[in-house]
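Inspection log for the structure reproduced underneath, given as structure tokens.
Remember, it's 1-based here, ligands and their atoms both numbered in the order they're listed.
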Amino acid sequence: MALKFIKKYLAPYKLMFGLGLVVVTITSALNMIVPYLSGVIVENVIKKHMMNLLIPYMIIILSVTLVRSLLRYGFILNFENISQNIIYKIRQDLYNSIQTLDAKFYDKTRTGDIMSKLTGDVDAVRHFIAYVVYNVYENALIFIFGLAIMFYINFRFALIVFVITIPTAYIARRLAVEVKPTFTRIRTQFSKLNTVVEENISGNKVVKAFAKENYEIEKFQKANVKFKERNIESSNVWCKYLPVLEFLSGSLNIVTIIIGGYMVIKNSLTIGELITFNSLIFTVNNPIRMSGWLINDIQRFSACSEKILEILKAKPEIYNKPNAIEKSSLSGSIEFKDVCFSYDDTEVLHNINLKINSGETIGIMGATGAGKTSFINLLCRFYDCTSGSILIDGENIKKYNLQNLRGHIGISMQDIFLFSDTIEGNIAYGMPDAPFEDAKKASSLAQAHGFINELPESYDTIIGERGVGLSGGQKQRISLARALMRNPDILILDDTTSAVDMETEHEIQKGLKNYSSKRTTFIIAHRISSVKNSDKIIVLDEGKIVELGNHEQLMKNKSYYYDIYMSQLGNSEQELKEVVSNG
Ligand SMILES: Nc1ncnc2c1ncn2[C@@H]1O[C@H](COP(=O)(O)OP(=O)(O)O)[C@@H](O)[C@H]1O
Ligand SMILES: [Mg+2]
């Protein structure tokens, strides 16, 4: 599977890669010349005293070494270059794939997991292409060439050498089988470690606020210990096999000297041939020694490829069907028909039926966990409803092109996320080409213009990854401006003004009155004042619509909405009284 995966990425570089392997073939063959000549020099120059041959032999040895080094340099550069191009593409594909995945994927996947795929796992692939492939090939060739020359010089002697390699190959294979699962476990633990770090950094304020530094250190330590254990587990497999491998390869030298020496004494081998044999031992020894490491690398590559493939093969459940509807604008009439929805097994929205006319403003109230955000998630198709259907402008939302549909919806989410960019960049995130005036207008509507102007660099102020330096209410207003700037046909405000003071909220509402009369608007809030003027107010309780109507109707109902109204009104009357009596 890993090989099939890499073949696809290798395809564009087939020629260069093949050429590289041809050069490897040449250098491997050149590797044989020096050992061979060593024997010849001993025979001809030393034994037969043909001193005049020494210089030419030396020149050959020198030039072969030089050419070999140059060629090696060339192909190493070539493979390195190809590998960089390939992992560039893999990284890009991974990132693109991550972009297509839906909310369900993100619910299940941790950031640390994705990060380790984008870095460590991809690097194992680079190493494989840049180093492992040619090394496997080179070592195999050297092994074959070396043995071939040995068999050519002396069959019996070569056979003995060859037989010793068989148990060695067997051990190397055993090592490969045993070590592979340990690599997968190392990679899995590594992403867990990454996740701990990532969450600790993102949640650093919570950690500090609850004085949980020690707890966090312990948590990291636990993951770190496990990571260490996984690595040790892997090295233990190595420790079991490596000494045997070393012993077998080392025994080759002894065998050569003892058997070869004996054969020379018995005159069935010349001293020159023994020298050649001895200098060729590396051609058998090195590949065997390397095979352990290369198997190690291959297993790591295969484990990492599988991790990468998990993402490349992941398919979103929510995607564009062929011939999806695209509209230049929506009128914004919406209908929920018997909509049920569950994230996993527990249903969080039950049989929602609701008709909304275009241009209406809908207030949504309900306790935390009632299902307000889930309701909105369905409308944006972050998730699909489990049963029933949602129609926008009379068409099932599943028929729309996703980006087109979402392009007509402006949403200010409950969990605000601001990018590490300028304030303007954040507000104009959805409309980067719009003139600056639009950003300013949207900010004014969101009552953000005032405080932005007071920032050191106004709209060019860069805010941190999580909007460091801004208050909750300020972030909410920037998020609101970002939604308004889009000029959407459907506007969704999920708890957008909860951290904004009453007075500012009142200003925002005044401004939005005109703005939202032209579009369907959803306002999720806990304050009666936020939803009071809506055309329809729905009250959700445990995933059901328990009340529906406008303010007057719901007041008459004397139910949840009425109770909230009374309690909030009571508070403000109380405050009023205090002010009066104090004054
Ligand atoms: N991503 C999710 N995965 C699983 N359950 C979720 C998820 N998001 C919300 N829930 C659950 O769905 C229910 C409704 O949540 P939500 O729609 O966020 O409520 P609200 O916005 O009214 O506070 C809650 O019980 C919550 O625990
Ligand atoms: Mg919510």
Side-chain angles (χ1 to χ4, degrees), residues 98 101-114 195 198-199 202-203 314 316-318 334 336 338-354 356 361-388 390 397 402 406 409-418 472-473 475-477 479-480 482-483 490-500 505 521-531 534 536-548 554 559-561 563-564 567-568:
I98 291 167
L101 294 170
D102 52 34
K104 251 193 188 156
F105 169 83
Y106 289 99
D107 283 349
K108 284 181 293 190
T109 315
R110 294 175 178 283
T111 317
D113 227 13
I114 300 179
T195 300
E198 195 273 330
E199 282 185 356
S202 319
E317 283 171 35
I318 298 174
I334 298 166
F336 280 69
D338 228 13
V339 170
C340 298
F341 172 63
S342 38
Y343 286 100
D344 295 310
D345 297 331
T346 38
E347 199 172 89
V348 296
L349 289 175
H350 320 282
N351 304 89
I352 304 284
N353 282 293
L354 182 68
I356 297 156
T361 295
I362 294 67
I364 305 178
M365 296 200 74
T368 311
K372 304 180 296 295
T373 300
S374 307
F375 177 90
I376 289 312
N377 282 342
L378 294 184
L379 205 58
C380 301
R381 279 199 80 197
F382 294 141
Y383 301 87
D384 271 339
C385 46
T386 336
S387 66
I390 301 170
I397 53 171
L402 267 178
R406 289 176 186 157
I409 301 177
I411 179 164
S412 166
M413 300 191 203
Q414 189 171 16
D415 300 323
I416 291 170
F417 185 88
L418 300 177
K475 283 188 233 168
Q476 285 186 335
R477 280 177 277 168
S479 160
L480 173 61
R482 177 164 68 188
I490 298 172
L491 177 67
I492 298 171
L493 310 178
D494 189 352
D495 233 4
T496 302
T497 50
S498 60
V500 175
E505 186 192 19
T521 306
F522 292 87
I523 301 173
I524 297 178
H526 288 283
R527 284 190 203 141
I528 294 281
S529 58
S530 311
V531 298
S534 307
K536 282 190 185 117
I537 299 165
I538 59 177
V539 177
L540 280 173
D541 185 30
E542 296 187 353
K544 288 198 192 85
I545 296 185
V546 290
E547 283 188 82
L548 169 65
L554 293 193
S559 184
Y560 179 89
Y561 183 85
D563 291 344
I564 300 276
S567 69
Q568 292 185 359

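Nearest protein heavy-atom neighbour of atom 19 (O) of ligand 1: Gly371 N, 3.2 Å. Ranking the protein heavy atoms by distance from atom 12 (O) of ligand 1 puts Val348 CG1, 3.2 Å first. In terms of protein heavy-atom proximity, atom 1 (N) of ligand 1 is closest to Asp107 OD2, 3.2 Å. Nearest to atom 10 (N) of ligand 1 among the protein's heavy atoms is Tyr343 CE1, 3.2 Å.
Backbone and side-chain nitrogen or oxygen atoms of Ser374 are examined, and one is located within less than 3.5 angstrom of a nitrogen or oxygen of ligand 1. Any N or O atom pair closer than 3.5 Å counts here, and Gly369 shares at least one such pair with ligand 1. Between Thr368 and ligand 1, not a single N/O pair is under 3.5 Å apart.
Two residues are said to be in side-chain contact when any heavy atoms from C-beta on lie closer than 4.5 Å; Phe105 and Ile114 meet this criterion. Two residues are said to be in side-chain contact when any heavy atoms from C-beta on lie closer than 4.5 Å; Ile545 and Ile352 meet this criterion. Considering only heavy atoms from C-beta on, Ser534 stays 4.5 Å or farther from Ile362 through its side chain. Annotation: side chain of Phe336 is in contact with side chain of Ile390 (closest heavy-atom distance under 4.5 Å). Side-chain contact check for Ser342 versus Val348: every heavy-atom pair is 4.5 Å or farther apart.
Annotation for ligand 1: atoms under 4.0 Å from non-hydrogen atoms of Tyr383 are 1 (N). Near Ala367, the atoms of ligand 1 lying under 4.0 angstrom from a non-hydrogen atom of the residue are 22 (O).
By the definition of a contact as any protein heavy atom under 4.0 Å away, atom 26 (C) of ligand 1 is not in contact. Note that atom 17 (O) of ligand 1 has protein non-hydrogen atoms nearby, at separations under 4.0 angstrom.
Using a 4.0 Å cut-off between heavy atoms, Ala103 makes no contact with ligand 1 at all.
None of the N, O or S atoms belonging to Ser374 lies under 2.8 Å away from the Mg ion (ligand 2). The Mg ion (ligand 2) has an N, O or S atom of Thr373 inside 2.8 Å of it.
Assignment of Gly366 to the shell around ligand 1 is not supported, since no heavy atom sits closer than 4.0 Å.
Exactly one residue among Leu548, Leu554, Ile364 makes a side-chain contact (heavy atoms from CB on, under 4.5 Å) with Lys536. That residue is Leu548. Exactly one residue among His526, Glu505, Arg527 makes a side chain to side chain donor-acceptor pair (under 3.5 Å) with Thr497. That residue is Glu505.
The closest donor-acceptor contact from the side chain of Tyr561 to the backbone of Met365 lies at 3.5 Å or more, if one exists at all. A donor-acceptor contact shorter than 3.5 Å is absent between the side chain of Thr109 and the backbone of Tyr106.
Side-chain contact annotation: Ser374 with Tyr383, donor-acceptor N/O pair under 3.5 Å absent.
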